[in-house]
Amino acid sequence: MTGKLPAMRLALLTFLALLAFAGNSLLCRVALAHTTIDAASFTTVRLVSGALVLWLLARLHYAKTAAVGQGNWLSALALFAYAAGFSFAYTQLDTGMGALILFGAVQATMIGYGIWRGERLTLWQWLGLGLALSGLAVLLWPGDAGASLPAALLMLAAGMAWGLYSLRGKGAGHPLQVTAGNFVLAVPMALLLSLVFFANARFDVIGLSYALLSGILTSGVGYAIWYSVLPQLTASSAATLQLSVPLLAAVAGILLLQEPVTVRLVLAALAICCGITLVIFAKGRAT
């Protein structure tokens, strides 16, 4: 997208993109908890339909321009690992809890990569990182209100995979086109996953509809909208705005799926979101 967007349009498109990201968690959870579709089928339908939509959008956008980037197999593998882990984890996790674990893992992975590359954190950043990791620990701690450990570990792996995917995407070319290429390359992996779990494959019309909505709308169109507004957001603004995604997902799960509001969930949400905010703003002051 060329030219600067008016402020109101930028705000609306940004909000729609964040809603789409939160919608991925909601659609996945409601499909796997309230329909007969299995996690492997949901993953495959999501990636195939998302690949088709993103490929069409990229072709339309680049109809009269030269290509500036394309997907690669390692990034596609990270994308597939995220999508598969995400789906299988949501067979047992509530919407908000899953989104918080995912978000915390993504941010911890990216911050950890920066530390590994030699980035120095200030005292406030270390405190923020410790607070965010404490929030994750609260969610993972055994107990009646805690997350299922196998599902939580799957979501942690999904978050780490998405963090790796995001890191590899920096400077790889135009984000829309690169994402479209990675989705296309992830399709064979998704088909292989469905083949492996073929004996357990099942779905109904409603479950299939949710998977298609996740692929077409909240993944394909959602990513396209996000990448159209991202150039006009500062890095700190973009990172801060993404803090709202797990909170939006949690509110949607509570209002639409009657998921419980627990003290553990509230404390974890505060710790993770406040901790990451501290890391972001302390970094901004230090630079």
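These numbers were taken from a predicted model, which means no experiment stands behind them.
- The backbone N or O of Ile37 lies less than 3.5 Å from no partner atom in the side chain of Asp204, so there is not a single donor-acceptor pair.
- Remark: the backbone N or O of Ser214 is paired with a side-chain donor or acceptor of Ser219 at under 3.5 angstrom.
- There is a path of hydrophobic side-chain contacts, each under 4.5 Å, that joins Tyr165 to Ile111.
- With hydrogens and angles disregarded, no donor-acceptor distance shorter than 3.5 Å links the side chain of Arg202 to the backbone of Asp38.
- Below 30°, between 30° and 60°, or above 60°: for Phe197 and Phe88 the angle between ring planes is between 30° and 60°, a tilted geometry.
- Leu270 and Val261 end up in the same hydrophobic cluster when Ile, Leu, Val, Met, Phe, Trp and Tyr side chains are linked at under 4.5 Å.
- Note: Trp226 and Phe21 meet the aromatic proximity criterion, with ring centroids under 6.0 Å apart.
- Remark: Met189 CE is packed, more than 12 non-hydrogen atoms of other residues, nucleotides or ligands lying under 6.0 Å away.
- Without hydrogens or angle criteria, Tyr90 side chain to Thr95 main chain gives a donor-acceptor distance under 3.5 Å.
- Met110 and Leu136 fall within the same hydrophobic cluster, where Ile, Leu, Val, Met, Phe, Trp and Tyr residues are linked whenever their side-chain heavy atoms come under 4.5 Å apart, directly or through other members.
- Ring-plane geometry between Phe86 and Tyr82 is classed as tilted, the angle between the planes lying from 30 to 60 degrees on a 0 to 90 degree scale.
- The residue from Val184, Val187, Leu212 that alone fulfils the side-chain contact (heavy atoms from CB on, under 4.5 Å) condition with Val48 is Val187.
- In terms of hydrophobic clustering, with Ile, Leu, Val, Met, Phe, Trp and Tyr side chains grouped at heavy-atom distances under 4.5 Å, Tyr223 and Leu13 are assigned to a common cluster.
- Open room surrounds CD1 on Ile206; 12 or fewer heavy atoms of other groups in view lie less than 6.0 Å from it.
- If you take CH2 on Trp126 and CG on Leu121, they are separated by 5.0 Å, rounding to the nearest 0.5 Å.
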